[in-house]
2 protein chains.
Amino acid sequence: MTDGRTAQVHSGENLLFLTDEQLRQGIEAMFFAYRGFTADPDRILADMSYGRAHHRAIHFINRAPGTTVNNLLAILGVTKQSLNRVLRTLIADGLVESRVGNLDKRERHLYLTEAGHELEAQLSDAQRARMRAAFRDAGPEAVAGFRRVLEAMMDADMRRAYTRLRDTVG
Amino acid sequence: MTDGRTAQVHSGENLLFLTDEQLRQGIEAMFFAYRGFTADPDRILADMSYGRAHHRAIHFINRAPGTTVNNLLAILGVTKQSLNRVLRTLIADGLVESRVGNLDKRERHLYLTEAGHELEAQLSDAQRARMRAAFRDAGPEAVAGFRRVLEAMMDADMRRAYTRLRDTVG
DNA sequence: GAGTTTACGTCAGTCTTGTTGACATTCCAA
DNA sequence: TTGGAATGTCAACAAGACTGACGTAAACTC
């Protein structure tokens, strides 16, 4: 199971990129890159009394305006109690609006307010700037590969959520 | 700043992969993939009373045996107090050994015990299995691109830590 | 129409993991 | 040799995740 040479057994194809050493490098790259990925928004959020959880909520409400609480729960993969704490502060601070559903009055549909959009843009710009720099440095071929590997690394549920989101026309 | 068309201004090269939409997809892929990346070890750790922090410590102690606390701090990017709590439990549970330095008695050098190595292997196997599947699905070209983008996404400090680690001969 | 299910909110309590602040020990250099 | 810097430990606290229990309102089902 931990044998670094299994990959080389398959003769014919070159599977050297599947050695344990290559995998470990991939794992560590993922760890360090994720820190870079969140670093810039984290800095902005630290000044207000918000955290990464607020960022995630804001991102996906902006992404899918009018989403219900349940929907957001599924995307974020947290409990409603956890999300609720975050939403409560965002609503209290006037960044998010919660409207009772027309068809189903049990549902709450979530929207960003003007102020919410401003913060979203600020966080988004910071995160995109780094992603853009990384994409540009690496080039289009690399970006395509990056996406392919990430998608293969998701759980089935996540991939479904992600695909649904990706194909949503704003 | 938020103009999705900036990329298209540069005529000649095809920079369509740098549109805001592409960047957003990259950001979301990163978010979902990181969940998948940590999901399997997290499940194992949940059974014991350990968390992701313990996993990270164990990983890097295994990676660089004899590392000092300060060294580990720099790699993990947390405060020494935070790391210390984790280390204390790992040492108490007999997974990690802390030896006073020979040259500098202020330093503590960290090593995995037999039991520590066992847990490390268990966590590693789980995480590598998913990474291996993702790598195999995506293919070697994609993996190279994946690595290139991740490295471009790190901070300079992280890249230094990562490169140093990567080039370390166990 | 009564009973069940669904969607949402909330209170209370716990756990992990991050933070600061205070402190002991050891090393080193002026 | 003494004062500052470096290394690591202890204590207290905060954010954000979790579970469990409960309440309300609306929708669904028989």
Side-chain angles (χ1 to χ4, degrees), chain A residues 31 34-35 38-39 41-59 61 66-93 96-111, chain B residues 31 34-35 38-39 41-61 66-93 96-111 123:
Chain A
F31 169 70
Y34 197 78
R35 278 231 301 261
T38 56
D42 280 0
R43 258 189 293 274
I44 296 171
L45 290 157
D47 293 340
M48 344 185 154
S49 52
Y50 289 151
R52 207 174 287 174
H54 299 83
H55 181 193
R56 290 196 285 258
I58 287 174
H59 175 97
I61 292 172
T67 186
T68 63
V69 173
N70 242 0
N71 220 298
L72 199 51
L73 241 45
I75 293 170
L76 295 175
V78 295
T79 59
K80 62 174 178 176
Q81 293 90 331
S82 196
L83 176 58
N84 193 252
R85 186 176 352 92
V86 169
L87 278 182
R88 199 163 35 196
T89 69
L90 289 175
I91 291 168
D93 295 351
V96 167
E97 196 192 346
S98 166
R99 296 186 209 150
V100 173
N102 282 328
L103 280 87
D104 189 332
K105 286 177 187 165
R106 292 172 304 180
E107 295 179 340
R108 301 296 135 89
H109 298 274
L110 303 170
Y111 300 89
Chain B
F31 169 70
Y34 197 78
R35 277 229 302 258
T38 56
D42 280 358
R43 259 189 292 275
I44 296 171
L45 290 157
D47 294 340
M48 344 186 153
S49 52
Y50 289 151
R52 208 173 288 174
H54 299 85
H55 180 193
R56 290 197 284 258
I58 287 174
H59 175 97
F60 286 110
I61 292 172
T67 185
T68 62
V69 173
N70 235 5
N71 220 300
L72 200 51
L73 240 47
I75 292 169
L76 295 175
V78 295
T79 58
K80 59 181 176 173
Q81 294 89 332
S82 192
L83 174 59
N84 191 252
R85 190 179 341 95
V86 169
L87 281 181
R88 197 163 37 195
T89 69
L90 290 175
I91 291 169
D93 295 351
V96 167
E97 196 191 346
S98 165
R99 297 188 208 148
V100 174
N102 282 329
L103 280 86
D104 189 332
K105 286 177 186 165
R106 293 172 302 179
E107 295 179 341
R108 301 296 134 91
H109 298 273
L110 304 169
Y111 301 88
L123 295 170

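Bear in mind the structure is a predicted one, so any value in this text is a computation, not a measurement.
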Round to a whole Å and report the spacing from [atom1] of [X] to [atom2] of [N].
X        : N      : atom1 : atom2 : answer
B:His55  : C:dG18 : NE2   : P     : 14 Å
A:Arg106 : C:dT4  : CZ    : P     : 16 Å
A:Arg52  : C:dT17 : CZ    : P     : 14 Å
B:Leu45  : D:dA17 : CG    : P     : 18 Å
B:His109 : D:dA6  : NE2   : P     : 17 Å
A:Leu76  : D:dG16 : CG    : P     : 13 Å
B:Leu72  : D:dT7  : CG    : C1'   : 14 Å
B:Leu73  : D:dG8  : CG    : P     : 8 Å

Heavy atoms under 4.0 Å, any strand shown: does [X] hit a base, just sugar-phosphate, or nothing?
X        : answer
A:Lys105 : sugar-phosphate
A:His54  : sugar-phosphate
A:Ser49  : nothing
B:Arg85  : base
A:Gly77  : sugar-phosphate

Quiz item: Counting distance only, does the side-chain N/O of B:Arg35 pair as donor-acceptor with the main-chain N or O of A:Leu76 below 3.5 Å?
Solution: yes

Quiz prompt | Residue closer to the 5' end of DNA chain D, A:Ala53 versus B:Arg88 (nearest nucleotide) | solution = B:Arg88

What is the distance from atom [atom1] of [X] to atom [atom2] of [Y], rounded to the nearest 0.5 Å?
X       : Y        : atom1 : atom2 : value
A:His54 : A:Leu45  : NE2   : CG    : 8.5 Å
A:Ile61 : A:Leu87  : CD1   : CG    : 5.5 Å
B:Leu72 : B:His109 : CG    : NE2   : 13.0 Å
B:Tyr50 : B:Asp93  : OH    : CG    : 3.0 Å

Quiz item: For the base of C:dG21, is there a side-chain donor-acceptor partner from B:Gln81 under 3.5 Å away?
Solution: yes

Nearest to side-chain heavy atoms of [X], which nucleotide of [options]:
X        : options               : answer
A:Val86  : D:dC10, D:dA17, C:dC8 : D:dA17
A:Asn70  : D:dT9, C:dT17, C:dA7  : C:dA7
B:Arg56  : C:dT17, C:dC8, D:dC18 : C:dT17
A:Arg108 : C:dC8, D:dC10, D:dA17 : C:dC8

Quiz item: So among B:Val86, B:Thr79, B:Asn84, which one has a side-chain contact (heavy atoms from CB on, under 4.5 Å) with B:Ser82?
Solution: B:Thr79

Quiz item: For D:dA17, does OP1 or OP2 lie under 4.0 Å from any side-chain N or O of A:Thr79?
Solution: no

Self-check item: Distance test, side-chain N/O of A:Asn84 to OP1/OP2 of C:dT10, below 4.0 Å
Solution: yes

Practice problem: By nearest nucleotide on DNA chain C, pick out whichever of B:Leu83 and B:Lys80 is the more 5' one. | Solution: B:Leu83

Quiz item: More 5' along DNA chain C: B:Met48 or B:Leu103, using each one's nearest nucleotide?
Solution: B:Met48

